[in-house]
Structure formats: C-alpha cells, structure tokens
Amino acid sequence: MPELAEVEFYRKRWALAATGDTVERVLTHDTKKLLRHLDLPHFRRALTGSTLLSSSTAAKQMAFRFSGDAWLGIHLGMSGELSVFPADHVPRKHDHLVLITTRHALVFNDPRMFGRVDFDVGAEPPPWWGKIARPILSPAFSFEAVATFLARRARAPIKAVLLMQEQFPGIGNWMADEVLWRAAIHPARRAGTLRPKEVRALWRECRHVCRLALAAIAGRGDTLPPDLNVGIPPSWLFLHRWQPGGTCPRSRRPLAHATIGGRTTCWSPARQKLK
DNA sequence: AGACATGTTGCTCA
DNA sequence: ATGAGCAACATGTC
C-alpha cells in the first residue's frame, strides 16, 4: 500500500504517540525476512531502555532516531503498516516487530513480508539514508533533472519511468497514475516521445500530487487523519481507479485498465491519448 | 480455483 | 556498460 504520503502517515502515527517514550521491551516474530539485516541480540540490547527522540520520512523509507545514537529504519514494502496499541498488546500473526513502551505498543505489521527493518548505531544518519534521492518537493527535483532522466529512459513507458525511485522518490503505483492522469499523458507513451510541454506538465503534477497527497493523507502539523484515504477528494483519480465501472472524474468517461511497465495501470482514454 | 495486490531486486537479453 | 523487461519474493482477498 504505502507510497510517499502513506509512509508519512504511518511515521506520524508512531511519532505522535510515542516520541519521548522509552522502549521497555522489543518483540520480534519473523526474523528471516523482514529482520534479516539485523543482529538480533545487538538490536534488542541497543533498543531496550532507549528513548524515541525524533523521526523522519524520505521517499518510502522511515528513520526513527533513539537515544544512544540508535537508528531504526523501516520500509513498509507492499503491505506493511505501523500502528499503535495499548502496552499490553498481544502480537498478532504478522506483527513482526513490536516495541513496548511505558504506554504503548508500536507495531510493524506486514502480511506479505516485502518490507524491511534496518538498525544502525552512529552519531549521523546511517549510510543508506543518505543514498535516497532528494525529495520531489525540493529544489533538487528540477524540470531539467526530469527532462534529462526521461531522455536517458527514452524507450521505457513513462509509467515505468515514474516508478523509478532514483528520480521520483516516493512515487508508487497510484501516485504515478494520478500524475499521468492530471498531466493528460498516456501511461504507455515512451518517455523519449514526450514534448517539452508535456515534460513540464509531468514535472509540475509530480510536485502537485506529492503536496496534495501529503496534506490529505498525512495531515498537517500535529494532526493525523483518523484513517488513510479518509480526506481524499472525489476529484482525484484515486477514488475511482479500483471501482468496477469507474469513470474519470473530469471527463465522466469510462476508465481503462492494463498492465503497463509491469504494473496494473489505470487511465482515462478520454484525457490521455497515445498519439 | 485463479487472478491479483499502493514494492524492490536480481536476472537475462540486447 | 547501460537500459528494458520480467520473474521472484509470501500471503491475503475477491
């Protein structure tokens, strides 16, 4: 599920509940997949008794900083989510990591187990953190950078290109479709065939969708919507893409679905032409 | 039963 | 070397 804004939603869920709290116990379940990068004894020892100081999100990754220079990295994969329960929470089937603090249980649940947990100790953020591409909502995400990237990926369908995290960090399947729909670009167009005007629209809509999605899904300041997708306006493609017989909220014409760039893709044929 | 799922990686081929 | 395409990962749901 989680793309840029959902990841931020889940990070805030833990952060708002437990920043300043101290970890009393660390519970783990599956250790071969999600926790495969961890030295478990070291992980437990380092985290137990440490305090959650701060956290941040970069693209689809989260980093939780604990006292003792301890950094907990989480990637939610396809089906991961973070939630908060009372401290007496009994781990469920796919609760792979549970941090028990004085007041809460911070739970990382992931049925499909495509997620990942990292743990590093150091005064600075871990090396992998620095390798994440600069945010789409930063000056580094320039029109020129996008145009150059598209030129290099000229033969790939634009849908596939939008999913490449090295240039579009945090964009996932639904955000890519949302961007292309707003920019009126057919997802199967080869990246190298976009006209400069279309590249500019793509660049603009990437930023626009990131901003809208963060505001709607992850809330503002210290607020958090009660649930994912609760504040998403029906003017977005998002709310119509999976509905049987769904229609384009702008043209009112039927939506189309196909596998493009290896992923299920939804678009509005009335707005997005192949040409 | 079978298709399919909001992600990433590692392999093959050109 | 670089880019494109696709299977694989593991499990749940419709």
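A note on names: the letters A, B, ... follow the listed sequences, proteins ahead of strands, and every chain is numbered from 1.
Atoms CG (L76(A)) and C1' (dG7(B)) sit 11 Å apart, rounded to a whole Å. Between the NE2 atom of H75(A) and the P atom of dA10(C) there is a distance of 17 Å, given to the nearest Å. Rounded to whole Å, atom P of dT2(C) lies 17 Å from atom CD of Q167(A). Taking atom CZ on F114(A) and atom C1' on dC4(B), their separation rounds to 12 Å, with Å as the unit. The nearest whole Å value for the distance from the CD1 atom in I158(A) to the C1' atom in dA4(C) is 14 Å. Remark: P of dG7(B) and NZ of K33(A) are 16 Å apart, rounded to the nearest angstrom. Atoms NZ (K131(A)) and P (dT8(B)) sit 16 Å apart, rounded to a whole Å. What separates CG of L4(A) from P of dT8(B) is a distance of 12 Å, to the nearest Å.
Listed pair K32(A) / dA10(C) fails the phosphate criterion, with no side-chain N or O lying under 4.0 Å from OP1 or OP2. Taking 4.0 angstrom as the limit, Q165(A) places a side-chain polar atom (N or O) nearer than this to OP1 or OP2 of dT8(B). Regarding contacts with the backbone of dG12(C), a side-chain N or O of H94(A) is found under 4.0 angstrom from either OP1 or OP2.
Looking at heavy-atom distances under 4.0 Å, P244(A) makes no contact with the nucleic acid at all. At a threshold of 4.0 angstrom between heavy atoms, the contacts of R190(A) are confined to the sugar-phosphate backbone, with no base atom among them. Within the nucleic acid shown, G262(A) has no heavy atom closer than 4.0 Å to any nucleic acid atom. Residue contacts for A154(A): at a heavy-atom cut-off of 4.0 Å it reaches the sugar-phosphate backbone alone, with no base atom in range.
Along DNA chain B, the nucleotide nearest R116(A) and the nucleotide nearest E6(A) are compared for position; the residue whose nucleotide lies closer to the 5' end is E6(A).
Listed nucleotides: dT11(C), dT8(B), dA5(B). Nearest to the side chain of T264(A): dA5(B). The side chain of K93(A) sits closest to dG12(C) out of dG7(B), dG12(C), dG5(C).
The backbone N or O of R182(A) lies less than 3.5 Å from a partner atom in the side chain of R271(A), making a donor-acceptor pair.
In terms of heavy-atom proximity, H96(A) sits nearest to L35(A) at O-CD1, 3.9 Å. Annotation for Y10(A) and G80(A): closest pair CE1-O, 4.1 Å, computed over non-hydrogen atoms.
Between V121(A) and W71(A), every side-chain heavy-atom pair lies at or beyond the 4.5 Å cut-off.
In this structure, dC9(C) forms a base pair with dG7(B), meeting either the Watson-Crick or the G-U wobble geometry with both donor-acceptor distances under 3.5 Å.
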Start with the C-alpha distance between D95(A) and H89(A), add both sets of side-chain angles, then the distance that settles side-chain hydrogen bond (donor to acceptor under 3.5 Å, both in side chains), and finish with yes or no. CA-CA 10 Å; D95(A) 289 350; H89(A) 176 72; 2.8 Å; yes
Walk me through it: do H42(A) and F119(A) pass the test ring-ring contact (aromatic ring centres under 6.0 Å, His included)? CA-CA 10 Å; H42(A) 168 247; F119(A) 186 70; 5.7 Å; yes
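For a distance-only test at 3.5 Å, the side chain of R112(A) qualifies as a donor-acceptor partner of the base of dA5(B).
Comparing the P positions of dA10(C) and dC11(B) gives a spacing of 16 Å, expressed to the nearest Å.
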